[in-house]
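A short worksheet on the structure shown next.
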Amino acid sequence: MAFTLATWNINSVRLREGLVCKLLQEEAPDVLCLQECKSPVEKIPTEAFRDLGYTHMVARGQKGYNGVAILSKLPITEVGAHDFADLGHARHVAAQLENGVTIHNFYVPAGGDVPDRAVNEKFGQKLDYLTQMRDHFHAESPKKAILVGDLNIAPREDDVWSHKQLLKIVSHTPIEVEHLSAAMDAGDWVDVTRQDIPEGLLYSWWSYRARDWDAADKGRRLDHVWATSDIAAAAHSSRVLRAARGWEQPSDHAPVFASFDL
DNA sequence: ATGTCACGCTCCGCGTGA
């Protein structure tokens with residue numbers, strides 16, 4: 001069975017219902033994982049998505065912040081949600097396809113501005129969240145699984161516009177990269193995007209604050225697609241839909257795609 | 001380094017989070 005999957009931090013699914021529909025119509029992934037829905041589950045505009053063939057959804061939501069949803073043309077069943085670091089936030093949901101593949105959709109905490117847990121509680125929460133992800137995957141040993149989402153970390157030097165200038169900026173500090181790598185190793189996860197696109201600068205997020213995000217191109221690769229090593233070789237055709245960052249009233253993130261032949 | 005967004009709440013701006 002072959003399928004295509006996309007992950008997109010939408011920064012309000014209600015405000016950008018039209019952009020979600022545009023993506024579904026023009027790109028037609030079988031599965032779309034959304035983060036930062038900023039909506040209770042019952043207020044997600046599912047009808048428009050259903051009309052486009054996305055008749056299945058699993059989601060976790062809360063008012064105003066966070067929130068994750070998996071929209072699918074293929075039948076899915078929910079297989080749980082975790083509240084790592086006990087934040088009381090809707091940052092993860094998991095679904096299973098009929099072929100037995102599990103899809104984890106994550107929105108890892110951003111971590112605040114100061115990369116020091118002694119003075120910034122949010123940074124500590126981000127590190128703790130990643131540590132609990134690591135411990136969970138160490139205990140679970142996931143198989144036939146895909147993990148996507150806004151992980152709020154750009155791990156590689158070529159995942160940011162300036163490695164040197166971002167070393168002390170939250171999202172690219174060595175301690176965050178270490179924590180992310182530990183979670184990755186614990187679940188035997190493979191970075192599918194970088195398996196497909198091993199070389200060169202690659203971003204999925206550009207700040208709203210830039211005068212001209214496209215010209216400045218000061219991006220970061222915060223959005224990821226991983227797969228467990230047993231299915232990673234089935235992945236192909238990874239890409240970032242950079243054009244979506246230029247759509248009208250856009251999200252500050254662009255969708256990231258991968259396809260699997262299983 | 002603090003430029004832009006989106007949210008909820010209480011009002012029609014402000015604080016918070018990113």
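Protein chains get the first letters and strands the later ones, always in sequence-line order, with residue 1 at the start of each.
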Open item on the list: I want to verify a distance call: between B:dT4, B:dA18, B:dC7, whose nearest atom is closest to the A:Y208 side chain?
Closed with: B:dT4

Task: Rounded interatomic separation in angstrom, taking CZ from A:R91 and C1' from B:dA18 - done: 10 Å

Task: Mutual orientation of the aromatic rings belonging to A:W189 and A:F137 [parallel < 30°, tilted 30-60°, perpendicular > 60°] - done: perpendicular

- [ ] Verify the contact: side-chain N or O of A:S207 to OP1 or OP2 of B:dA18, cut-off strictly under 4.0 Å; return yes or no.
- [x] no

Task: Nearest-Å distance once atom C1' is located in both B:dC7 and B:dC12 - done: 16 Å

Using a cut-off of under 3.5 Å, enumerate the N/O to N/O pairs linking the protein to nucleotides 8-13 of chain B.
residue	atom	partner	partner atom	Å
B:dC9	OP1	A:K63	NZ	3.2

Task: Distance under 6.0 Å and angle within 45° of ring axis: A:K22 vs A:W247 - done: yes

Open item on the list: With nearest nucleotide decided by heavy atoms, which residue, A:R220 or A:N11, maps closer to the 5′ end of DNA chain B?
Closed with: A:R220

TODO: Taking the side chain as every heavy atom from C-beta outward, state whether A:W226 and A:V190 have any atom pair closer than 4.5 Å.
DONE: no

Open item on the list: Any residue in residues 155-163 of chain A with a heavy atom nearer than 4.0 angstrom to DNA chain B? Just list them by number, or reply none.
Closed with: none

Open item on the list: For the C1' atoms, the ones on B:dT16 and on B:dT10, what distance do you get once it is rounded to whole angstrom?
Closed with: 15 Å

Open item on the list: Whole angstroms only, please: what is the CH2-C1' distance between A:W205 and B:dT4?
Closed with: 11 Å

Task: Side-chain N,O (A:R16) to OP1/OP2 (B:dA6) below 4.0 Å - done: yes

TODO: Go through the steps for A:F84 and A:H136 under the test ring pair (Phe, Tyr, Trp, His ring centres under 6.0 Å), then give the verdict.
DONE: CA-CA 9 Å; A:F84 293 124; A:H136 173 74; 5.5 Å; yes

- [ ] Can you tell me the distance, in whole Å, between the CH2 atom of A:W206 and the C1' atom of B:dC5?
- [x] 17 Å

Open item on the list: Tell me the interatomic distance from A:I10, atom CD1, to B:dA6, atom P, rounded to whole angstroms.
Closed with: 11 Å

Open item on the list: Rounded to whole Å, how long is the line connecting atom NE2 of A:H89 with atom P of B:dC7?
Closed with: 17 Å

TODO: Starting from C1' on B:dT4, measure out to CG on A:D214 and report it in whole angstrom.
DONE: 17 Å

Task: Gap in Å between the two P atoms, one belonging to B:dC11 and one to B:dG15, rounded - done: 13 Å

Task: Nearest-Å distance for atom pair NZ/P, residues A:K218 and B:dT4 - done: 15 Å

Task: Side chain to side chain, A:I153 and A:H172, heavy atoms closer than 4.5 Å - done: no

Open item on the list: For a quick test of reading the model: is some side-chain N or O of A:Q62 closer than 4.0 Å to OP1 or OP2 of B:dC7?
Closed with: no

Task: A:D158-A:Y203 side chain donor-acceptor pair, cut-off 3.5 Å - done: no

- [ ] Round to a whole Å and report the spacing from CD of A:Q125 to C1' of B:dG17.
- [x] 12 Å

Task: Closest non-hydrogen atom pair between A:L23 and A:L32, with its separation - done: CD2-CD1, 3.8 Å

- [ ] List for me each residue that meets salt bridge (Lys or Arg N to Asp or Glu O under 4.0 Å) alongside A:R239, sequence neighbours excluded, and say none if there are none.
- [x] A:E27

Task: Distance-only donor-acceptor check, side chains A:R50 and A:T46, under 3.5 Å - done: yes

Open item on the list: What I'd like to find out is whether the side chain of A:I146 reaches to under 4.5 Å of the side chain of A:T228, using heavy atoms alone.
Closed with: no

Open item on the list: On DNA chain B, compare the nucleotides closest to A:C37 and A:Y107; which residue's is nearer the 5' end?
Closed with: A:C37

